Amino acid sequence: VIKAVRMLETARIRMLPWEGDDEPAFRRLATDPRVMLHISGGEPWGDEKIREFLTRQIRQQRELGFCIWKLVLKEVGEVIGICGLQPLAGTSDIEIGWWLAPEQWGKGIAVEAARAALAYAFDSLGLTRVVAVAHLGNEPSVRTMEKLGMTFECNTTHKGVEVVKYAIEKK
Ligand SMILES: CC(C)(COP(=O)(O)OP(=O)(O)OC[C@H]1O[C@@H](n2cnc3c(N)ncnc32)[C@H](O)[C@@H]1OP(=O)(O)O)[C@@H](O)C(=O)NCCC(=O)NCCS
């Protein structure tokens with residue numbers, strides 16, 4: 001039985017499921033060329049893609065007990081990024097992922113949130129392996145994987161784009 005998470009919390013961040021009125025907050029991230037540089041080549045996502053993403057996350061939370069959660073900075077109560085777990089398209093793996101608003105880069109927030117997501121994956125969901133993929137050249141994302149103790153697995157293609165794939169096994 002999958003126990004639905006109500007909330008993951010770290011020192012600075014609350015990690016929460018999405019709600020209907022979160023669309024503007026997610027749109028700010030998904031239309032910022034700095035955030036999207038290594039995701040869509042800097043192209044902002046359109047409304048349809050934004051809604052698809054949110055609908056999928058809400059469904060995954062309900063059906064699987066996890067999703068790519070919103071990150072709320074506790075100090076200000078605002079959505080400043082996303083981090084969480086989802087099935088990696090075209091594989092049987094579960095991936096961890098992260099995007100942050102540029103104002104929040106370089107403060108260790110991605111690693112802080114991702115550690116909580118990994119602990120949840122291994123200790124609560126009972127997963128034995130979590131992977132991550134990043135476009136070649138996404139140095140901050142790869143450094144985040146390495147800081148989490150993930151190790152390089154292979155170069156592969158994901159949705160037609162060349163990526164590096166990292167993995168971590170339950171200890
Ligand atoms: C990837 C991302 C979430 C990292 O977030 P962050 O909170 O800045 O990362 P952290 O502060 O936890 O730092 C993680 C590591 O990356 C390093 N790093 C951060 N920015 C970097 C940069 N521009 N170049 C090289 N390394 C960088 C940090 O220094 C740190 O490593 P260190 O401790 O060895 O120095 C953030 O850069 C981001 O949102 N990027 C845009 C969205 C994106 O590409 N997401 C990933 C898709 S696969």
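Everything numeric in this text was worked out from a predicted model, so none of it was measured. Indexing begins at 1, ligand by ligand and atom by atom, following the structure's order.
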Original post:
Which ligand 1 atoms, with their elements, are less than 4.0 angstrom from a heavy-atom of V35?
Top reply: 41 (C), 42 (C)

Original post:
In terms of residue, atom name and distance, what is the protein heavy atom nearest to atom 17 (C) of ligand 1?
Top reply: R143 CB, 3.8 Å

Subject >> Heavy-atom nearest neighbour of atom 5 (O) of ligand 1 within options P102, A110, G97, A132 >> reply: A110

Original post:
Under 3.5 Å between some N or O of ligand 1 and some N or O of I39?
Top reply: no

**OP:** May I ask you to check if ligand 1 and H135 share an N or O to N or O distance below 3.5 Å?
**Re:** no

Original post:
Between E52 and K49, does at least one N-O distance fall below 4.0 Å, as a salt bridge requires?
Top reply: no

Original post:
If we ignore angles and hydrogens, is there a donor and acceptor under 3.5 Å between the side chains of E23 and W18?
Top reply: no

Original post:
Any N or O on E139 sitting closer than 3.5 Å to an N or O of ligand 1?
Top reply: no

Subject >> Minimal non-hydrogen separation, G84 against W69, with atom names >> reply: CA-CE3, 3.7 Å

Original post:
So does E153 pair up with R129, basic N to acidic O under 4.0 Å?
Top reply: yes

Subject >> Enumerated ligand 1 atoms positioned under 4.0 Å from heavy atoms of V133 >> reply: 48 (S)

Original post:
H38 to ligand 1: N or O pair under 3.5 Å?
Top reply: no

Original post:
Under the criterion side-chain contact (heavy atoms from CB on, under 4.5 Å), which of D93, L118, L88, L125 is the partner of V130?
Top reply: L118

Original post:
With distance as the sole test, does W45 use its side chain to make a donor-acceptor pair with the main-chain N or O of L29 at under 3.5 Å?
Top reply: no

Original post:
Is there a protein heavy atom at a distance of less than 4.0 Å from atom 29 (O) of ligand 1?
Top reply: no

**OP:** Using protein heavy atoms only, decide if any is under 4.0 Å from atom 35 (O) of ligand 1.
**Re:** no

Original post:
Hey, is K107 close enough to E112 for a salt bridge, meaning N to O under 4.0 Å?
Top reply: no

Original post:
Has L37 got any heavy atom lying under 4.0 angstrom from an atom of ligand 1?
Top reply: no

Original post:
Which residue owns the protein heavy atom closest to atom 14 (C) of ligand 1, what's the atom, and how far is it?
Top reply: T144 OG1, 3.4 Å

**OP:** If you have a sec, work out which protein heavy atom is nearest atom 47 (C) of ligand 1 and how many Å separate them, to one decimal?
**Re:** N138 ND2, 3.7 Å

Original post:
If hydrogens are left out, which of W105, W98, W99 has an atom nearest to atom 38 (C) of ligand 1, that is, the closest non-hydrogen atom?
Top reply: W105

**OP:** Determine whether the side chain, the backbone, both or neither of K147 has a heavy atom under 4.0 Å from any heavy atom of ligand 1.
**Re:** side chain

Subject >> Ligand-residue contact atoms, ligand 1 with A134, heavy atoms, under 4.0 Å >> reply: 48 (S)

**OP:** From atom 11 (O) of ligand 1, work out which of G108, P140, A113, C83 has a heavy atom at the shortest distance.
**Re:** G108

Subject >> Nearest-contact summary for atom 39 (O) of ligand 1 - protein heavy atom, Å >> reply: L100 N, 2.7 Å

